[in-house]
Amino acid sequence: MDVQALAGDSVDNIPGAPGIGVKTAALLINEYGDVENLLAHAEEIKQPKRRQSLQENAELIRLSRELVKLDCDMELDFTLCDLEVKEPDPEKLLAFLAEMEFRTLAKRIAEKLGVEPPAIPEPEVEPDPEIAAVPFDPDAYEWVKDADALQVWLDRINARGWVAVDTETTALDEMRADLVGISLAVEPGQACYIPLTHKASATDDLFGSDELAEGQMDPSQVLDMLRPVLEDDAVMKVGQNMKYDAKIFARNGVSVAPIDDTMLLSYAMHAGLHNHGMDALSERYLDHIPIPIKPLLGSGKSAITFDRVPVKDAVKYAAEDADITLRLWELFKPRLHREKATTIYETEERPLVPVLAEMEMAGVKVDREVLSRMSNAFAQKMAALEAEIHELAGQEFNIASPKQIGEILFDKLGVEGGKKGKTGAYATGADVLEDIAAEGGPGAELAARILDWRQLAKLKSTYTDALQEHINPETGRVHTSYMIAGANTGRLASTDPNLQNIPVRTEEGRRIREAFVADEGKVLVSLDYSQIELRILAHIADIDALKEAFRQGLDIHAMTASEMFEVPLDQMTPEIRRKAKAINFGVIYGISGYGLARNLRIPRKEAQEFIDRYFERFPGIRAYMDNTIAFAKQHEYVQTLFGRRIHTPQINARGPHAGFARRAAINAPIQGTAADVIRRAMVKMPEAIAGLPAKMLLQVHDELIFEVDEAAATDLEATARAVMEGAPMPAVQLSVPLTVDAGRGKNWAEAH
DNA sequence: GTCCTCACG
DNA sequence: ACGTACGTGAGGACC
């Protein structure tokens, strides 16, 4: 994109045309390096309205950038974009910032503009004046160089009974990361950093020396000195994302307990309101933007690891993190109770940390040979398909490019019904290609082959190839990481790699699971909740027919179909059952006529009739939905059976956002309650299976996977099933039974 | 970096 | 008139 293009007659591809919006202006500034350079080029735009709006928005962004001095300018630019203002309107900006409770930013911008700062209501709980009163001073942090200095800190920690801890390492992957240094904080503003393995890197010899920097302590001496405190029941260890630090310490022979976690405190109280990373929390609650890590590490190819950061810089950065963590903890702890989040935090989030840490460190064995063989087979098939596809298309092109596929199908071959999205590109998703393939017209064969190719490309790049990269050379296993505070609903999210989306729905994809194997003499056991979300819906919405069906162990989709379409169960056809199943899921997702129609590929009118009939037969569902929306509108949150709150700040918004917010609000208590159930099962599991030669390895939302000695598999299965089925108790007595299906085998494909 | 696509529950 | 099924993460194209 450049200014010349913007100056052209066609405005079709310009976001925000005919004016030039904040977002486009931000992108252009990025493109042109800085505002001055862009404005110089903007003169060339002939169309006055577009020229003027670009100039104004660029000015607005410049003003904002000057005011906040953010390292990451684009972040602010896009904050401005959220305003969706086409004209720079300081009033709207300030109102938005007020709504988002960006106090400092709003105040500074108001000052600069010479207007009254907007009135922003203070948070429910006043920040502790002592915490707020202590300024952040990077020069006040102590560089701990010897045992005497460290002992002073240990004495202070023991006297206090708590300490904020943060580790600095060489990598984000805890299983490959080496410990570089440790920071501690005991009071706001009072923090230290203990450097351990920083390299002595002269500026002109950045990567040359492996010599250690001066003024550091011996790692094992420090760990030996810290161990009594880190393992002391009477000393609370506070961290931000403690699972990370706990794993680092565990790999260094120290088991940290008890722990508190500021990220999880924030998540328990405020899921759905904002994210829970330290930078966001610090800015929000402490009015302080932490020292960014980027300038210290660099980025891209020239990025360095933390052990190459000069110690004097590391002290300021690392100690500040511990300082911030401690301040956040002192703010959050008393607030937890008022936000009614104590139970969720204490029974689910906090106890989950050591459980997940164990699972992640255990990892799952993956057979590289199996993946490698499959990868080669996929490559061969793809090559054959590629030739076929180019032949059908009459030209060579990049099959991985949706844009090129769209042009060939719709422009070159003249397939009807091509739809362009908001970026002006044809949609070529699987649903579109499936329709074209089914039509049998021009391009049908091509679309079908592209679908085949895409499936293989996905399996190869995301699974057979990428998974091999994740096999830890030391353990021969794959160690995923679970984000506890990732999903608003209470679900976990698996990353690096994501082991919660390993293929299963197609035969070809399912074979990837053959590469996930049990160690010698062991088997994998998989246990999954049957229909947990529908059971929870039946309970929450109190639907007698559904509850009774679950109690009798009936086929719930067939039962729904029978009820809705008045077909006796013994005359049920797969087609009718399929429709009922889609409706059942639709209900969980906050059904809409449009969505159901798209899913079932039926006319919208018909879909709406299904929904109407469903509500007629199950009026309790309608009531649940209405009540949930009403509750959400009043409180701006919804909650699960266990009291987990999921905030829904958009629920009272108008416009297209409203629909999303409503459906999410309907779904959240159901999905969230299911998430609570399995979280509770996971928390109880270690003690229950302690006597068995078994390890819990993976969680996939409604499924737990264990690795167990062959001889103990039956025991493990019974024990784990009992824990899972009884997980809601005693907090919640469900009016439907939870049932758990189990399987076992030498690999995940067999076990599932 | 963003968009599109697609894998899972 | 318009266009949404809920919740996620990752890879590749493209700018």
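First the proteins, then the strands, lettered A, B, ... as listed; each starts at 1.
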Check your understanding: With pairs taken as Watson-Crick or G-U wobble and both distances under 3.5 angstrom, which stems of at least three consecutive pairs involve DNA chain C?
Key -> B:1-9 with C:6-14

Check your understanding: For C:dT8, does either OP1 or OP2 sit under 4.0 Å from a side-chain N or O belonging to A:N498?
Key -> no

Review point. Are any of A:K403's side-chain N or O atoms less than 4.0 Å away from OP1 or OP2 of C:dC15?
Key: yes

Check your understanding: What class does the angle between the rings of A:Y267 and A:H276 fall in, given that below 30° is parallel, 30 to 60° is tilted and above 60° is perpendicular?
Key -> perpendicular

Point to revise | Test salt bridge (Lys or Arg N to Asp or Glu O under 4.0 Å) applied to A:E514 - qualifying residues, sequence neighbours left out | key: A:R511

Point to revise | Sugar-phosphate, base or nothing in reach of A:Q404, heavy atoms under 4.0 Å | key: sugar-phosphate

Practice item. For nucleotides B:dT2 and C:dA5, find the distance between their C1' atoms and express it as a whole number of Å. Key: 24 Å

Point to revise | Euclidean distance for C1', B:dT5 against C:dC2 (whole angstrom) | key: 24 Å

Check your understanding: Listed by chain and number, what are the side chain to side chain contact (heavy atoms under 4.5 Å, CB included) partners of A:L297, not counting sequence neighbours?
Key -> A:I293, A:I304, A:F306, A:V309

Review point. Given C:dT8, is OP1 or OP2 found less than 4.0 Å from the side-chain N or O atoms of A:S494?
Key: no

Practice item. Could you walk me through whether A:Y529 and A:D741 pass side-chain hydrogen bond (donor to acceptor under 3.5 Å, both in side chains), step by step? Key: CA-CA 6 Å; A:Y529 286 106; A:D741 298 327; over 6 Å; no

Check your understanding: Quick check, are the ring centers of A:Y614 and A:F610 under 6.0 angstrom apart?
Key -> no

Check your understanding: Of all the choices, B:dC8, C:dA10, B:dT5, which nucleotide is nearest to the side chain of A:R505 once you look at every atom?
Key -> B:dC8

Point to revise | Any A:T423 side-chain nitrogen or oxygen under 4.0 Å from OP1 or OP2 of B:dC4 | key: yes

Check your understanding: Can you give one letter per nucleotide of nucleotides 1-7 of chain C, 5' to 3': B if a protein heavy atom sits under 4.0 Å from the base, S if only from the sugar-phosphate, - if neither?
Key -> --BBBBB

Check your understanding: Residues two or more places apart in sequence or in another chain: which of them pass salt bridge (Lys or Arg N to Asp or Glu O under 4.0 Å) with A:K633?
Key -> none

Check your understanding: Does the side chain of A:D496 come under 3.5 Å of the side chain of A:S481 through a donor N or O and an acceptor N or O?
Key -> no

Practice item. Check salt bridge (Lys or Arg N to Asp or Glu O under 4.0 Å) between A:R578 and all other residues, then give those that pass, not counting sequence neighbours. Key: A:E575

Check your understanding: Among C:dC14, B:dC6, C:dT8, which is the nearest nucleotide to the side chain of A:R454?
Key -> B:dC6

